[in-house]
*Asks:* 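Handing you a structure now.
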Amino acid sequence: MADLPDAGTCYELLARMSLIRRFEEEAGRQYQRAKAGGFLHLGIGEEATIVGTTSVMRDEDYLIGTYRTHGHAIARGTEPKHVMAELFGRVDGTSGGRGGSMHIFDRERRFMGGYGVVGGNLPIAAGLGLSSEYKGEDAVTVCMFGDGASNTGNFGETMNLAALWRLPVFFLVENNLYGMGTSVERHSAQTDLSKKAEGYGIPGERVDGMDVVAVREGVAEGIRRAREERRPTVLEAFTYRYRGHSAADPEVYREREEVEEWREKDPIEAFARRCVEAGVLGEREVEEVRAKAEEQVTEAVEFADGSPEPALDSLYENLYVLDSAAGWYAVDERSPEPHRGEREEESMPEAARELAEAGAAYGGRPDGPRPQDRPNPAEHGDAHEGVEPEVAEEGGDSPVAEEVED
Ligand SMILES: Cc1ncc(C[n+]2csc(CCOP(=O)(O)OP(=O)(O)O)c2C)c(N)n1
Ligand SMILES: [Mg+2]
């Protein structure tokens, strides 16, 4: 068993894990009260994997995760009140209330999200690694994803480029034994997930994801390899979510006894016990950590509740890209003439107008019209007005039309 770090670090690890646990318990409660909308995926039980990982990252390093990332943001230093406000869909949320639970984001702390598409964060991690490489930065990108995500095409494509281009990326598989209701044995031909990138020459290790100290050690080595040797690693951390996949999960795929067994290995209880038995922390400190977490989460709920809803006329803001990535994007495949909401191209330079006429959509420019100055399609009827929807001819065999009728 890996040695305990110094008392200050132990205190900090316990405090972070306890805060995340308390936060998520409360998030679940607020969801049931309909204060938080959309989907809600809790990582209760996975705190040692999360905190063990972030605790050995530098401020300059990037982190990107999945849709189960309230804890990851808090572990990176995002204030719980801003995460709670995001769950509540309020303006003080990390994404101004637009992302909700699945899209927590904090650019300042280099937490690059919350990502809803399973495996979709992997290529983005490679991109972040490539940008660090390109800019000659020392930063490492840590990419965390689930066991289920290791089956996606993105996994192979990302591993290939990460190895080929020697990107400073570290991959951590949060193996909680299930992808929704499907166990690893039933969803992955190779059940040793640490071996899944072996063919690309990427080394893999396995670690007890319920042991925060073990995770720290494994991750520290992987990050070192990425930073110094420019070589990626896959670390598979065995962990467990005590709650369902999302808030709406009847959990028919696992036995109650299995959950109980894993509860015995509760990463927070186990670590607190170990610290006390080793004389590194006192009972009083463990109690203090709990009380502080309680206090912070109560404050977070009050803050989120007091934060305003986004204004209705801001509905069309921030739809495309950040100001720093201005440009034209070929996303409009409707018809070449300008549509409602795109009138600003009248004041655009010739090149931009040509792009618009060729069917590109305006993605925002720092010196261009602000989104709120554009006509609001909601006030003027359907933004797609004038475009005939594709309708199956009578007697036609459109499967879509049939499905609708069913
Ligand atoms: C590309 C894609 N396919 C399917 C889904 C639906 N889906 C959401 S979560 C999930 C399971 C993923 O499991 P895993 O990667 O193990 O992560 P965990 O939820 O266990 O943290 C699936 C299939 C999705 N969001 N994206
Ligand atoms: Mg999983």
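Here the structure is a predicted model, which is why all the values come from computation and not from measurement. In each ligand, atom 1 is the first atom listed, and ligand 1 is the first ligand listed.
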*Asks:* Hey, is the Mg ion (ligand 2) within less than 2.8 Å of some N/O/S atom on Asn176?
*Replies:*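 Of the N, O and S atoms in Asn176, at least one lies under 2.8 Å from the Mg ion (ligand 2), which means yes.
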
*Asks:* Which heavy atom of the protein is the closest neighbour of atom 13 (O) of ligand 1, given with residue, atom name and distance?
*Replies:*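 Ranked first by proximity to atom 13 (O) of ligand 1 is Gly179 CA, 3.2 Å.
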
*Asks:* Heavy-atom contacts with Gly148 under 4.0 Å: which atoms of ligand 1 show up? List them by number with element.
*Replies:*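 Listed by number with element, the hits are 14 (P), 15 (O), 16 (O).
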
*Asks:* For atom 10 (C) of ligand 1, tell me which residue out of Glu174, Met180, Arg68, His41 has the closest non-hydrogen atom.
*Replies:*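 Minimum heavy-atom distance to atom 10 (C) of ligand 1 goes to Met180.
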
*Asks:* Only heavy atoms of Tyr67, strictly under 4.0 Å: list the atoms of ligand 1 that pass.
*Replies:*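 Listed by number with element, the hits are 9 (S), 10 (C), 11 (C), 12 (C), 13 (O), 14 (P), 17 (O), 18 (P), 19 (O), 21 (O).
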
*Asks:* Just by distance, no angles: are the side chains of Asp106 and Thr78 close enough, under 3.5 Å, to form a donor-acceptor pair?
*Replies:*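 There is such a pair between these side chains.
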
*Asks:* Cationic tip of Arg225 within the cone over Phe170's six-membered ring, i.e. under 6.0 Å and within 45° of the normal?
*Replies:*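 Here Arg225 fails the 6.0 Å and 45° test against Phe170.
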
*Asks:* Using a 4.0 Å cutoff against the non-hydrogen atoms of Gly116, which atoms of ligand 1 qualify?
*Replies:*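 Listed by number with element, the hits are 25 (N).
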
*Asks:* Given Arg216, which of Asp211, Thr53, Leu13, Thr54 fulfils the side-chain contact (heavy atoms from CB on, under 4.5 Å) condition?
*Replies:*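 The passing option is Leu13.
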
*Asks:* Test Asp61 against every option in Arg224, Arg110, Arg227 by the salt bridge (charged side-chain N to carboxylate O under 4.0 Å, His left out) rule and name the one that passes.
*Replies:*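 Option passing the salt bridge (charged side-chain N to carboxylate O under 4.0 Å, His left out) with Asp61: Arg227.
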
*Asks:* With a 4.0 Å cut-off, would you call Glu251 and Arg254 a salt bridge?
*Replies:*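 Looking at Arg254 together with Glu251, the answer is yes, because their closest N to O distance falls below 4.0 Å.
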
*Asks:* For Ala149, counting its heavy atoms only, list the atoms of ligand 1 lying under 4.0 Å from any of them.
*Replies:*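 With Ala149 as reference, the close atoms of ligand 1 come out as 15 (O).
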
*Asks:* For ligand 1, does Tyr178 get within less than 4.0 Å through its side chain, its backbone, both, or neither, judged by non-hydrogen atoms?
*Replies:*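 Backbone only; the side chain of Tyr178 stays clear of ligand 1.
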
*Asks:* For atom 8 (C) of ligand 1, what's the nearest protein heavy atom and its distance?
*Replies:*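 Protein heavy atom at minimum distance: Val118 CG2, 3.7 Å.
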
*Asks:* So among Met57, Glu137, Arg109, Arg76, which one has a side-chain contact (heavy atoms from CB on, under 4.5 Å) with Tyr62?
*Replies:*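 In the set Met57, Glu137, Arg109, Arg76, the residue that makes a side-chain contact (heavy atoms from CB on, under 4.5 Å) with Tyr62 is Glu137.
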
*Asks:* Quick one: does Thr66 get a heavy atom under 4.0 Å from ligand 1?
*Replies:*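 Contact check Thr66 vs ligand 1: negative.
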
*Asks:* So which N/O/S atom does Asp147 have closest to the Mg ion (ligand 2)?
*Replies:*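 Checking each N, O and S atom of Asp147, the shortest distance to the Mg ion (ligand 2) belongs to OD1.
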
*Asks:* Regarding Glu47 and Arg21, does a basic nitrogen lie under 4.0 Å from an acidic carboxylate oxygen?
*Replies:*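 Salt bridge present between Glu47 and Arg21.
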
*Asks:* Is any N, O or S atom of Asn175 under 2.8 Å away from the Mg ion (ligand 2)?
*Replies:*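 It does not: Asn175 brings no N, O or S atom closer than 2.8 Å to the Mg ion (ligand 2).
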
*Asks:* Determine, for Arg230 against Glu133, whether the closest basic-nitrogen to carboxylate-oxygen distance falls under 4.0 angstrom.
*Replies:*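 So Arg230 pairs with Glu133 through a salt bridge.
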
*Asks:* Please list, in number order, the atoms of ligand 1 under 4.0 Å from a heavy atom of Asn176.
*Replies:*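 Atoms satisfying the 4.0 Å criterion: 18 (P), 20 (O), 21 (O).
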
*Asks:* With no hydrogens and no angle check, is any side-chain donor or acceptor of Arg68 less than 3.5 Å from a backbone partner on His245?
*Replies:*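 Indeed, once roles are kept as given, a pair shorter than 3.5 Å links the two residues.
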
